[in-house]
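Chain letters run A, B, ... following the sequence lines, proteins first and then strands; every chain starts at 1. Quantities reported herein were computed from a predicted structural model and do not represent experimental measurements.
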Amino acid sequence: MERTMMNQIIPGTGVKVQGFVERVRSTGAMAFLVLRDRMGKVQVTIEKAAHPEFAEDLNRLTPESVVTVEGRAVSNPQVRLNGLEILPERLTVESLAAPLPLNKDAAVDTRMDYRWLELRGEKERLLFEVQTCLVNAMREFLIERDFLEIHTPKLIAAASESGADVFEVKYFDRKAYLAQSPQFYKQMAMAAGFERIFETGPVFRAEKSFTNRHATEFSGFDLEFSYIESFEDVMRLEAELLAYSLEQVARTYGEAIERQYGVNVIVPQLPFPQIALKDLYTELERRYGYTLPESEKGDMTTEAEQLSYRFSKEEFGHEFLFITDFAAEKRAFYHMRKNGVPQGYDLIWRGVEITTGAQREHRYDVLCRQADERGLGEDVKFYTEFFRYGCPPHGGFGLGIDRMSMLLTGVTIKDAMFLFRGPNRLTP
RNA sequence: GGCCCGGUAGUACAGUUGGUUAGUACGCCAGCCUGUCACGCUGGAGGUCAGGGGUUCGAGCCCCCUCCGGGUCGCCA
């Protein structure tokens, strides 16, 4: 018999349902099971006297066990759960669950230890439905515009950016590193003449960051494209991409997100507002009295990020804010500079950085000079080689998928990831 | 890595000035209950008080060390 999903049950028909036992209740003459599958829940009602054959299973059945029930679905207004119940003819216990090691009150660390149990919840599942929708919309948008999806190596011979904060791994008789960004390979694709590419995949950072928004392994969404005229082309594409994707999310899951997480999905208006870093600091000081020593104004602080959300809402009625004109020494050596100013940006959404983007330096001699300034000459020689044999002007950005999910639902990074990895968390 | 806070049944917590047998809720087990739906009622099991050392007649409680976790900042996506 075909399995029926629990939101597809038609009263008056015979059904087979399979799922977890959410609750077992046994009163004098009756027993009730509430079953759950990925689509919904249904009550199974058993009149004990009429079905002595179920007695043994009912007695041993525990919450979160997995069962198959075949029987007849009937309408019954007495039942609070959708006015529907199944009167079983067969009951098969597929898997018996031991008592759960946690309950609703469990602390984060305990929940992480048994993450798969927590993920059984409808609310937790929703986050991954939303993430699937978001990433799918981003793919759709880019493929429509002739972008190729590529997959770059995560095992690499040398650190991809600074040389610090990479995980070292044993690679036969030598050392390798886990890719801390697909940056160099995205640009290699530009030198390969692919013109437009994106990639979504794991990113590894050996940083001992203890915040609610950092992980040592997370999913990045990276994109790079050629023949741009300035980094503003990159910003424009990203804004369009996000507006499109969030529109898909809002349409499909807006209500569910509001119901489960109490967060409203707002489809952003185009264009996204934009401000130079030093102007932002001026505004933050004028409006909120936030001050910082001049020497620290080349970069964003956490508090400035948070305040910039308030500023963007007040000034532009917008949740997003592009910030440009960072200090050159705070940005990667491969960002193109014009009059010493990096041709790149950060994108802040709801007070959290979700993206860094830039026009890249594609001129071999300039790139080598900028690398040398950081003392990276030899370390990045394999990379600068990409630009020796002709390379179009190009730019791109990297976006944190988990941070998107996190902000979309208002949870922390630990709750937004399938499995969190941090300095102190390597299991399960 | 800096600063702050914490670690007590399976889970979440309480534990008075250092004093006899370490409690509460949920969960678990057994029994009762003709339709429950946060069911209800009765009874029961369950503790290396993170680990080690010290002070004391006596330590869950005070001191030191170690481990683990949380918050926050820095770093970033």
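- In this model, no side-chain donor or acceptor of Q180(A) finds a partner on the base of C76(B) within 3.5 Å.
- Taking the nucleotide of RNA chain B with the nearest heavy atom to each of D105(A) and L87(A), the more 5' of the two is matched to D105(A).
- Side-chain atoms of S209(A) and base atoms of C76(B) include no donor and acceptor less than 3.5 Å apart.
- Rounded to a whole angstrom, the distance from the C1' atom of U8(B) to that of G60(B) is 7 Å.
- Here the two rings, on Y345(A) and F322(A), have centers that are under 6.0 Å apart.
- Here U20(B) sits opposite no nucleotide as a Watson-Crick or G-U wobble pair (both hydrogen-bonding atom distances under 3.5 Å).
- Taking atom CG of D165(A) as the reference point, atom P of G74(B) lies 17 Å away to the nearest angstrom.
- Judged by distance alone with a 3.5 Å cut-off, a donor-acceptor contact links the side chain of Q43(A) to the base of U36(B).
- Looking at heavy-atom distances under 4.0 Å, G398(A) makes contact with sugar-phosphate atoms alone, never a base.
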Salt bridge (Lys or Arg N to Asp or Glu O under 4.0 Å) assessment of R36(A) paired with E64(A)
CA-CA 9 Å; R36(A) 177 189 75 239; E64(A) 296 302 308; 3.0 Å; yes
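- Rounded to whole Å, atom P of C73(B) lies 6 Å from atom CD of Q306(A).
- Between the side chains of Q359(A) and S230(A), no donor-acceptor pair of N or O atoms lies under 3.5 Å.
- A distance of about 24 Å separates the P atoms of G53(B) and U20(B), rounded to the whole Å.
- When both distances must be under 3.5 Å, the Watson-Crick or G-U wobble mate of G40(B) is C32(B).
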Atom pairs under 3.5 Å, N or O on each side, protein against nucleotides 29-34 of chain B: can you list them with distances?
from   : atom 1 : to     : atom 2 : distance (Å)
C33(B) : N4     : S26(A) : O      : 3.0

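- A salt bridge is defined here as a Lys NZ or Arg NE, NH1 or NH2 lying under 4.0 Å from an Asp or Glu carboxylate O, and E373(A) with R337(A) meets this definition.
- Across all strands shown, A25(B) forms a Watson-Crick or G-U wobble pair with U11(B), both key distances being under 3.5 Å.
- Taking atom NZ on K208(A) and atom P on G69(B), their separation rounds to 11 Å, with Å as the unit.
- Across all strands shown, C3(B) forms a Watson-Crick or G-U wobble pair, both distances under 3.5 Å, with G71(B).
- Applying the salt bridge (charged side-chain N to carboxylate O under 4.0 Å, His left out) test to R23(A) and every residue at least two apart in sequence or in another chain returns nothing.
- Comparing A14(B) with C26(B), their C1' atoms sit 15 Å apart, to the nearest whole Å.
- Classification of R287(A) and E315(A) as a salt-bridged pair holds, one side-chain N sitting under 4.0 Å from a carboxylate O.
- Checked by distance alone, E207(A) brings no side-chain donor or acceptor within 3.5 Å of a matching partner on the base of G1(B).
- Contact annotation: side chain of R403(A) to base of C76(B), donor-acceptor pair present below 3.5 Å.
- For the P atom pair drawn from G6(B) and A25(B), the interatomic distance equals 26 Å after rounding to whole Å.
- Listed in residue order, the members of residues 108-134 of chain A having a heavy atom less than 4.0 Å from RNA chain B are D109(A), T110(A).
- At a threshold of 4.0 angstrom between heavy atoms, the contacts of K41(A) with the nucleic acid are absent.
- The nearest heavy atom of RNA chain B to T412(A) and to A215(A) marks one nucleotide each, and the one closer to the 5' end goes with T412(A).
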